[in-house]
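Just so it is clear, the values below take in all heavy atoms, side chains as well, and ignore hydrogens, waters and symmetry mates.
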Amino acid sequence: MQNKTQDGKTVNILNSGAAVIKGGSVVVFGSRIVIPIADIPVGEFGACATEGVYEIPAVTTTAFAQGDVLYWDNTAKKLTKTSTDNTRAGVSWDDKGQASAVAFVCIDK
C-alpha cells in the first residue's frame with residue numbers, strides 16, 4: 001500500500017481534459033481552487049499548489065478590499081465577490097480598484 005501522507009502544500013491532479021492545463025492557471029479542485037505549478041499535458045498528472053498568494057484574473061466591475069472573501073467564476077474565468085454558483089478561492093491579499101483586471105488572492109487551504 002502506497003503511503004499517502006504529504007505536507008499538503010501540493011496535490012497531483014490528472015488532466016483528463018482535451019487541452020493542456022497551463023501552469024499558473026486556476027483549476028477547480030472539489031470545493032476549492034488550486035494552481036498548477038507547471039503545464040500539465042493531457043492524460044498526465046501534475047502538481048498543483050494548495051496554498052500561497054497568486055495574481056489571478058478578476059472582474060472589472062467590482063473593487064476588492066484587503067481581506068474580502070473571493071470566489072472563482074469558472075465560466076468567466078475570473079475572481080469575483082459573488083458566492084452563488086462559484087467556488088471559494090480565498091481572501092483578497094490587497095486592495096483592488098474596480099477597473100483592475102487582476103487581484104492578489106491567498107488561496108484557501
Side-chain angles (χ1 to χ4, degrees):
M1 177 182 217
Q2 182 180 5
N3 183 351
K4 300 285 184 172
T5 303
Q6 299 178 5
D7 63 12
K9 294 179 182 178
T10 61
V11 63
N12 287 324
I13 64 165
L14 173 63
N15 180 355
S16 58
V20 170
I21 297 173
K22 295 292 186 183
S25 63
V26 174
V27 174
V28 174
F29 180 70
S31 61
R32 60 172 303 173
I33 66 168
V34 295
I35 309 296
I37 295 169
D39 290 354
I40 305 173
V42 173
E44 295 190 22
F45 283 90
C48 295
T50 61
E51 63 182 21
V53 177
Y54 296 89
E55 184 178 28
I56 297 176
V59 296
T60 55
T61 55
T62 307
F64 301 163
Q66 186 177 36
D68 281 349
V69 175
L70 301 177
Y71 300 86
W72 179 250
D73 179 336
N74 205 39
T75 301
K77 304 295 186 201
K78 296 180 186 224
L79 291 169
T80 179
K81 292 198 309 188
T82 303
S83 62
T84 305
D85 297 324
N86 294 318
T87 304
R88 185 172 163 128
V91 295
S92 182
W93 209 242
D94 200 359
D95 293 339
K96 177 193 91 67
Q98 179 174 328
S100 180
V102 295
F104 288 91
V105 62
C106 182
I107 60 175
D108 280 341
K109 281 189 127 187

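Pairing each heavy atom of Thr82 with each of Thr80, the nearest pair is N-OG1, 3.1 Å. Closest approach of Ala89 and Ile33 over heavy atoms only: CB-CD1, 3.6 Å. Residue Val42 comes nearest to Val20 through the heavy atom pair CG2-N, 3.9 Å, listed as atom of the first residue, atom of the second, then distance. Heavy-atom minimum distance, Val27 versus Pro36: CG2-CG, 3.7 Å.
The backbone N or O of Thr62 sits less than 3.5 Å from a side-chain atom of Lys96, completing a donor-acceptor pair. Here the side chain of Glu55 pairs no donor or acceptor atom with the backbone of Phe104 at under 3.5 angstrom. The closest donor-acceptor contact from the side chain of Thr50 to the backbone of Lys9 lies under 3.5 Å. For the pair Asp95 (side chain) and Gln66 (backbone), a donor-acceptor distance under 3.5 Å is present. No side-chain donor-acceptor contact under 3.5 Å links Asn86 to the backbone of Tyr71.
Cluster annotation: Ile21 is not connected to Ile107 through the hydrophobic network of ILVMFWY side chains, with a link wherever side-chain heavy atoms come within less than 4.5 Å. Residues Ile40 and Phe29 share a hydrophobic cluster, clusters being chains of Ile/Leu/Val/Met/Phe/Trp/Tyr side chains in contact below 4.5 Å. Following chains of ILVMFWY side-chain contacts shorter than 4.5 Å, one can reach Leu79 starting from Val28, so the two form part of one hydrophobic cluster. Note on Tyr54: it clusters hydrophobically with Trp72, by side-chain heavy-atom contacts below 4.5 Å among ILVMFWY residues. Linking Ile, Leu, Val, Met, Phe, Trp and Tyr residues whenever their side-chain heavy atoms come within less than 4.5 Å places Ile56 and Leu70 in a single cluster.
The neighbour count for Lys22 NZ, taken as heavy atoms of other residues, nucleotides or ligands under 6.0 Å away, does not exceed 12.
In this structure, the side chains of Val53 and Asp94 stay at 4.5 Å or more apart for every pair of heavy atoms.
Note that CD of Gln98 and OG1 of Thr61 are 6.5 Å apart. Values are rounded to the nearest 0.5 Å. Interatomic distance, Asn15 CG to Asp39 CG, rounded to the nearest 0.5 Å: 10.0 Å.
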